There are 2 protein chains.
Amino acid sequence: MESGQTRKRENSEQRILDAAISLFATRGYAATGIRQIADKVGLTTASLYYYAHTKDDLLLRIMRLGLGELLSSGQEAMEGSSDPREQIRGLLKVHLTFAASNPERARVIDNEFQWLKEEERESVIALRDAYEQLWADAIANGDRKGLFEVKNASLTRLALLEMCNGATHWFRPNGPMSLEQIVGAFEDMAFALLRCDEPLSGASALEAAAQSPQ
Amino acid sequence: MESGQTRKRENSEQRILDAAISLFATRGYAATGIRQIADKVGLTTASLYYYAHTKDDLLLRIMRLGLGELLSSGQEAMEGSSDPREQIRGLLKVHLTFAASNPERARVIDNEFQWLKEEERESVIALRDAYEQLWADAIANGDRKGLFEVKNASLTRLALLEMCNGATHWFRPNGPMSLEQIVGAFEDMAFALLRCDEPLSGASALEAAAQSPQ
DNA sequence: GTCTATACTAGGATAGAC
DNA sequence: GTCTATCCTAGTATAGAC
């Protein structure tokens, strides 16, 4: 029962956002022209301005949507268990799944902060800080319970996040490693960095069992 | 005995490169205009073209010089010891010292690859690969000698490098941590990631001694 | 070595017709 | 909802005087 206009609007709106993500990711926000975005969608620049008031507006929506998804997935992961090891595993899975299932969007979110206007940037940074706080909480939990051994919690959090974001730079779908393999490898590195020796129930415990003699 | 012209040339040349580094680092290569560089140096755009044939040429020289320095410092560090633990410490110190003593240059080198022309980019990537190979060698040495325990050497190398580059994003001179403190903290995280338990002679050993009871 | 002046292209954004 | 046409600014780069 929706009108043709509504359907068109939703189509074009999403197509514009997708084109912007792709171009911002490969050429950067500053070097991407409003004309290129229009060309990619098959519209004129004038039509673009029917959907977004400015180029900056496109970036803002990409960032807010993406970080919002990441934050709520992260919150779910944190609520899924009170074991800090499970929390770290959950956050790793959320982060890497997000990065791997849409690497372009992840690159834009990670690299193009600076082009937002002051007030916009603040609201986006608040989202990012809330997300990073989840990691800080998980690390602090594990440290308090004696499961992790962390000398500098802030640096460790930053190192973990940078490590994960690194995947954004080289991950390609159809690459040599599956998402599951990547998550597994990052779990291993993360627990090494956190000096977490005690085995977990679940996949890691099963793995350990499979490798030990009967 | 040098002529006034020569002195001027060297001055302007360096001032132009410095201005370009600063602007490329804060606004990105694509968003930096040749006019802004000229303004910052106090010259006209026409004068800039006396020193560099294109804007791209400036970026190329910044990258080649910087990566050249990093590579030769890294090679010295590797030749300084055959103990993989010392090699990793040396590389960490080289990398973090470079990043901390000129964060703008480090950011440009790290982020603006894509704007080089095909052939230029290849020569620059060769430099970067040679530098990363130093890390790969140190990790492989430690693994072979049983000092490190690394499941995926490539991912571990990438994680270490990303971790260090992270410092580029938040390090500010006059910040809360001195360079020595940062290097120390990163040594700790790096050896955790490499699952290296055996203590080293040198600063870490001294530290451990200071903390243990007499 | 540095300037003035200028060529040419592309940038973001808007008015108003359909 | 999408178009044509256009405004104004800023981009890189060059020629030629001093």
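A, B, ... follow the sequence lines: proteins, then strands. Residue 1 opens every chain. The model shown is predicted, which means the values in this text are computed figures rather than measured ones.
Taking CH2 from A:Trp170 and CD1 from A:Ile182, the interatomic distance works out to 4.5 Å, rounded to the nearest 0.5 Å.
By the 4.0 Å N-to-carboxylate-O rule, B:Asp57 lies close enough to B:Arg61 to be salt-bridged with it. Between A:Arg89 and A:Asp83, no side-chain nitrogen of the basic residue sits less than 4.0 Å from a carboxylate oxygen of the acidic one, so the salt-bridge criterion is not met.
For the pair B:Glu13 CD and C:dG1 P, the interatomic distance rounds to 10 Å; values are reported in whole Å. The distance from atom CG of A:Leu43 to atom C1' of D:dT4 is 14 Å, rounded to the nearest whole Å. At whole-Å resolution of the value, CG in B:Leu48 and C1' in C:dC3 are 13 Å apart. Atom CZ of B:Arg15 is separated from atom P of C:dG1 by 15 Å (rounded to the nearest Å). Atoms CD1 (A:Ile37) and C1' (C:dA10) sit 15 Å apart, rounded to a whole Å.
Using a 4.5 Å heavy-atom threshold, the side chains of B:Asp18 and B:Gln14 count as touching.
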Test side-chain hydrogen bond (donor to acceptor under 3.5 Å, both in side chains) on A:Asp129 and A:Gln133 and set out the steps.
-> CA-CA 6 Å; A:Asp129 287 350; A:Gln133 187 58 45; over 6 Å; no
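If you check C:dT2, C:dG11, D:dG11 against the side chain of B:Gln36, the one that comes closest is D:dG11.
Checked options B:Trp115, B:Tyr29, B:Phe113; the residue passing with B:Phe24 is B:Tyr29 (criterion: ring pair (Phe, Tyr, Trp, His ring centres under 6.0 Å)).
Near DNA chain C, meaning a heavy atom under 4.0 Å away, there are no residues from residues 20-30 of chain A.
For D:dT2, neither phosphate oxygen OP1 nor OP2 lies less than 4.0 angstrom from any side-chain nitrogen or oxygen of A:Thr44. Dashed line: the shortest gap from a side-chain N or O of B:Tyr50 to OP1 or OP2 of C:dT2 is not under 4.0 Å.
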Set out, line by line, the N/O atom pairs under 3.5 Å between protein and nucleotides 13-18 of chain D.
unit_1: D:dA13; atom_1: OP2; unit_2: B:Tyr49; atom_2: OH; d: 2.8
unit_1: D:dA13; atom_1: OP2; unit_2: B:Lys55; atom_2: N; d: 3.2
unit_1: D:dA13; atom_1: O5'; unit_2: B:Tyr49; atom_2: OH; d: 3.4

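Annotation for A:Phe148 and A:Asp143: closest pair O-OD1, 3.3 Å, computed over non-hydrogen atoms. A:Ser101 and A:Pro103 make their closest contact through C-CD, 3.7 Å (heavy atoms, listed as atom of the first residue, atom of the second, distance). The two atoms that bring A:Thr32 and A:Leu23 nearest to each other are OG1-O, 3.3 Å, heavy atoms only.
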